[in-house]
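In listed order, ligands and their atoms are each counted from 1.
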Amino acid sequence: MLLSVIVPCYNEEENVFPFYEELLKNTPFLEGEGLELELIYVDDGSVDETAARVRSLHEKDGRVHLLSFSRNFGKEAGIYAGLQKAKGDYVVMMDVDLQDPPSLLPEMFSYLKQGYDSVATRRVTRKGEPPVRSFFARLFYKIMNRISKTEIVDGARDYRLMTRQVVDGILAMCEYNRFTKGIFGWVGYRTKWLEYENVERAHGKTKFNFWKLFLYSIDGITAFSTVPLAISSVMGVVFCLCAFVAIAVLIVKNLLYHDPVAGWPSLVCIILLVSGVQLFCVGILGQYLAKTYLEVKRRPIYLVKEEL
Ligand code: UDP
Ligand code: MG
C-alpha cells in the first residue's frame, strides 16, 4: 500500500527540510503498517530556494517528488495538482509550515481502519491569530452554513487523510473556481473529525492577508451557494411593496387633506437608497457572472514548469 503526502509550498524555503524531517519521524509507524511513502512538494511558483531544496531532497531520497508551477496559482491549484499526481492508495494533504502536525498521522490512520473514508482535522482555538481575523472567520462560517447546503466546518483545516475513493471523488470536480473546504463537504463519504489546538507556523509568515481571505470567502460563497441571488430578488419585491404603500399614502393624503407633496430632500434620499440597493444587487449578479465567465473559458487550473 502506498501513502501519498501532498504539501503545497509557496516561498517556504525554511520549511522544506524541517517538514521532511518531521514527517520521517513517522517511519516506524509506516513500516509497521506496511505502508510505502510518496512525498509530493507542489511548488506554487515560489521565487525563493523552495524548488532547489526539494530538488536536493529528491536526489537523496527518491520518494520525494517535486511539481513546480509556472507561476503562483494559489493553494487550491496546488492541492488539485497534488491530488492528480498522487498515486497512493491513501492520500494526505498537509501544510509545509508544520501547522498540520505530521505526528497525528498514526491516530488518523487508526480511524481509516475503523471504516471511515476520510479523516479531517479542525482547530478548536485560533490562538496566535489577530482577533479581527478570528471574528470575521467565525462570521463567515456562520453565514456560509446558513446559505449553503454543503456543510463547511468552522476551523476546518485542509489537513486530511483520504482513501483513493474520496480522492477520485474530489478529482471528478474539475471546476476552475476551487473552494476545497466546500468540495470536501460536497463529496461526502464517512468523515471522522479530529480536533487540535492551533499550532503556530514554524518559520516564515502566513501567505494569506485579510484581503486575500476576503476574496477567498467570496469564492466560497459563489461556489457553494446561490442564496445571495435569491436575497436580491426578495429585496426587489420588498422595495416594490414599500413603494406601493407610499403611493397609496400619498394619494390618500392628497385627496383628503389636499396636502401638496413636500420637499425634495426625502426624494433624494429615497433615490439614493433605491439606486444603492440596485447597484448592490447588480454587483451580486456580477460576481456570479464573473465566476461563470472564468468557468466557461476552461482555462487550465495550473501549468507545470518542472516535474521530478
Ligand atoms: N500556499 C500555496 N500557495 C499560495 C499560498 C499558500 O501553496 O498561494 C501554501 C503555503 O506554502 C502553506 C499552505 O499553503 O504550505 C498554507 O499557507 P499559510 O500557512 O500561509 O496559510 P495559513 O496557515 O496562515 O492559513
Ligand atoms: Mg500556515
- Item | For atom 3 (N) of ligand 1, the protein heavy atom that lies nearest, with its residue and separation | Asp44 OD2, 2.6 Å
- Close approach of Gly74 to ligand 1, heavy atoms, under 4.0 angstrom: yes
- Note on the structure: Rounded to the nearest 0.5 Å, the NZ atom of Lys253 sits from the CD1 atom of Ile251 at a distance of 13.0 Å
- Is the charged tip of Arg133 near the ring of Phe136: under 6.0 Å from the six-membered ring centre and within 45° of its axis? no
- Message: Among the N, O or S atoms of Asp97, which one sits nearest to the Mg ion (ligand 2)?
- Response: OD2
- Can you tell me the protein heavy atom closest to atom 19 (O) of ligand 1 and the distance? Asp97 OD2, 2.6 Å
- Note on the structure: Min over Thr206, Asn15, Asn209, Asn72 of heavy-atom distance to atom 22 (P) of ligand 1 lands on Thr206
- ligand 1 atoms in contact with Val96 (distance to a heavy atom under 4.0 Å): 15 (O)
- Numbering the atoms of ligand 1 from 1, which are under 4.0 Å from a heavy atom of Arg201? 18 (P), 19 (O), 20 (O)
- Query: Would you say Thr206 has an N, O or S atom lying under 2.8 Å from the Mg ion (ligand 2)?
  - Reply: no
- Message: Students should be able to answer this: which protein heavy-atom is nearest to atom 7 (O) of ligand 1, and at what distance?
- Response: Pro8 CB, 3.5 Å
- Gap separating the CE atom of Met93 from the CD1 atom of Ile170, nearest 0.5 angstrom: 6.0 Å
- Item | Where Arg53 and Glu13 come nearest, the two heavy atoms and their spacing | NH1-O, 2.8 Å
- Item | Closest protein heavy atom to atom 1 (N) of ligand 1, given as residue, atom name and distance to 0.1 Å | Tyr10 CB, 3.9 Å
- Query: Nearest protein heavy atom to atom 17 (O) of ligand 1, by residue and atom, and its distance?
  - Reply: Phe208 CE1, 3.7 Å
- May I ask you to decide whether Lys113 forms a salt bridge with Glu33, counting only side-chain N to carboxylate O separations under 4.0 Å? yes
- Distance to 0.1 Å, residue and atom name: give those for the protein heavy atom nearest to atom 16 (C) of ligand 1. Asp95 OD2, 3.2 Å
- Message: Rounded at 0.5 Å granularity, tell me how far CD in Glu107 sits from OG in Ser110.
- Response: 6.0 Å
- Assess Arg157 against Trp193: is NZ or CZ under 6.0 Å from the centre of the six-membered ring, and within 45 degrees of the ring's axis? no
- Query: Between Tyr176 and Arg298, is there a cation-pi geometry (under 6.0 Å to ring centre, at most 45° from the normal)?
  - Reply: no
- Heavy-atom nearest option to atom 11 (O) of ligand 1, drawn from Arg157, Met93, Gln99, Glu12: Glu12
- Query: Which of these, Trp211, Phe210, Tyr216, sits in a ring pair (Phe, Tyr, Trp, His ring centres under 6.0 Å) with Phe214?
  - Reply: Trp211
- Task: Provide, to 0.1 Å, the distance between atom 14 (O) of ligand 1 and the closest protein heavy atom, together with that atom's residue and name.
- Result: Lys75 CD, 3.2 Å
- Does NZ or CZ of Lys291 fall inside the cone over Tyr288's six-membered ring, less than 6.0 Å from its centre and within 45° of the axis? no
- For atom 5 (C) of ligand 1, the closest protein heavy atom turns out to be Lys207 CB, 3.6 Å
- Message: If I apply the N/O under 3.5 Å rule, does Lys205 come out as touching ligand 1?
- Response: no
